[in-house]
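The structure appears below as structure tokens.
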Amino acid sequence: MKDEYGLYDSGNKLKLEQLGEYRLIRSSPLSDYPVSKPKLWEDWDAKYTKNDRGSGEWSYRKKIPASFSIKYAGIHFLCKLTPFGHIGLFPEQKFNWDRIRDAKLSIPGSKAEWEVLNLFAYSGGSTMACLQAGMKVCHLDASKGMVEWARENAKLNQLDKKPVRWIVEDVTKFLKREINRGKKYNGFILDPPSFGRGSKGEVFKIEEDLGSLLDLLMILCDYKPKFIILTCHSQGYSSLSLEKMIATRIKNEGVFESSELWLDESHGGKYPAGSCCFFTDKNL
Ligand SMILES: C[S@@+](CC[C@H](N)C(=O)[O-])C[C@H]1O[C@@H](n2cnc3c(N)ncnc32)[C@H](O)[C@@H]1O
């Protein structure tokens, strides 16, 4: 399946991307350096600019449908240009989707027994990868609209008959409820935002809540997760700090592959896109 997403260039606090047939310019506050290929930036179809009220808007040179689909990293994605400047996928997660479907997590027969909890699950890229890999998934997001979007992606990928629970709820409330029910999970995937709101307005602040959220996850796997993928885009959360947050909580031995997330630019550059800690149990 040929990728229909690509990053051309970044700089001047912007990034230039191809999404299916459309060329987009979106804001990228940390790209505070000159662009590498100025000529490429002359051609664009839609541009998202932020205003000083913290939101932003799209301007168009070409009519773009309200929704359309693309193929990327072995997954079909429904894409929409949202009022927040999102497009419906975080392409830098490709590395993790490949790892989920990788041989290391494919112990024949056993994965079908695994239940994975995907938190802050957004449009479900990781949920699709887990279902493709034969795992059961509990997909949670506080936004009803995002869970609907992920369900549409499951249909688009013909994965809607696979074992997945779709949950619209605040992350902490749900975890506490699962602990009370005695529920256990084998793996966890989470991409927490710096700040988010639960389905009833509950506040999630990464610097106040990430540690206690990981404590709850430990109870849900008896402190012995088969794997954890923790990614973060908030300043100050390096891959090493994420690794320490996990290494000091788990009671099983395993392998940490922690690194920055990045996207390759078409001219050979690397675009930094967050931090990742990837843990797997030593017996995998
Ligand atoms: C995709 S993640 C964040 C991705 C990326 N790290 C970022 O900073 O933009 C955001 C998702 O978390 C969800 N979310 C935010 N707060 C939440 C909460 N308290 N409980 C459950 N989901 C939440 C949002 O609805 C959204 O889909």
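For the numbers below, each heavy atom of this structure counts, side chains included, while hydrogens, waters and symmetry mates do not. Indexing begins at 1, ligand by ligand and atom by atom, following the structure's order.
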Which ligand 1 atoms does Met146 reach within 4.0 Å, using its non-hydrogen atoms?
27 (O)
Any heavy-atom pair between the side chains of Asp281 and Lys224 that's under 4.5 Å?
no
Enumerate the atoms of ligand 1 whose separation from the nearest heavy atom of Gly198 is less than 4.0 angstrom.
18 (C), 19 (N)
Which residue and non-hydrogen atom of the protein lie closest to atom 9 (O) of ligand 1, and at what distance in Å?
Phe90 CZ, 3.9 Å
In the protein, which heavy atom is nearest to atom 2 (S) of ligand 1, and how far is it?
Asp191 O, 3.4 Å
Classify the ring geometry between Tyr72 and Trp97 as parallel (under 30°), tilted (30 to 60°) or perpendicular (over 60°).
perpendicular
Give the atoms of ligand 1, by number and element, whose distance to some non-hydrogen atom of Tyr122 is under 4.0 Å.
1 (C), 27 (O)
Strictly by salt bridge (charged side-chain N to carboxylate O under 4.0 Å, His left out), give each pair with a member in residues 61-88 just once, sequence neighbours left out.
Glu4-Lys71
With only distance considered, is Glu202 within less than 3.5 Å of ligand 1 through an N or O on each side?
no
Just need the protein heavy atom nearest to atom 8 (O) of ligand 1, so name the residue and atom and give the distance.
Pro193 CA, 3.9 Å
Just so I know, are the side chains of Phe77 and Ile87 near enough to count as touching, which here means a heavy-atom distance under 4.5 Å?
no
Distance in Å, Glu207 CD paired with Tyr237 OH, rounded so as to fall on 0.5 Å steps
5.5 Å
I need the contact type for Pro192 against ligand 1. Using non-hydrogen atoms and a strict under-4.0 Å cut-off, is it side chain, backbone, both or neither?
backbone
Which residue owns the protein heavy atom closest to atom 20 (N) of ligand 1, what's the atom, and how far is it?
Val171 N, 3.0 Å
Under 3.5 Å: N/O of Ala142 near N/O of ligand 1
yes
Which donor-acceptor pairs under 3.5 Å do side chains of residues 193-200 form with protein atoms, sequence neighbours excluded?
unit_1: Ser194; atom_1: OG; unit_2: Ser234; atom_2: OG; d: 2.8
unit_1: Arg197; atom_1: NH1; unit_2: Gly201; atom_2: O; d: 2.9

For the pair Tyr122 and His86, name the ring-plane relationship: parallel under 30°, tilted 30 to 60°, perpendicular over 60°.
perpendicular
Can you find a side-chain donor-acceptor pair between Arg177 and Asn180 that sits under 3.5 Å?
no
Ranked by distance from atom 17 (C) of ligand 1, the top protein heavy atom is Arg197 O, 3.5 Å
Residue and atom name of the nearest protein heavy atom (relative to atom 26 (C) of ligand 1), distance in Å to one decimal:
Asp141 OD2, 3.4 Å
N/O to N/O below 3.5 Å, does that happen between Ser194 and ligand 1?
no
Residue and atom name of the nearest protein heavy atom (relative to atom 23 (C) of ligand 1), distance in Å to one decimal:
Phe120 CD2, 3.5 Å
Check: Ile70 and Phe68 side chains under 4.5 Å, non-hydrogen atoms
yes
Among protein heavy atoms, which sits nearest to atom 15 (C) of ligand 1, and what does the distance come to when rounded to 0.1 Å?
Gly196 CA, 3.7 Å
Just so I know, are the side chains of Leu217 and Ile228 near enough to count as touching, which here means a heavy-atom distance under 4.5 Å?
no
Can you list the steps and then say if Ser126 with Gln93 is a side chain to side chain donor-acceptor pair (under 3.5 Å)?
CA-CA 8 Å; Ser126 299; Gln93 294 286 349; 4.9 Å; no
Heavy-atom gap Glu169 to ligand 1 smaller than 4.0 Å:
yes
Atoms of ligand 1 close to Leu140 [distance to a heavy atom under 4.0 angstrom, numbered from 1]:
21 (C)
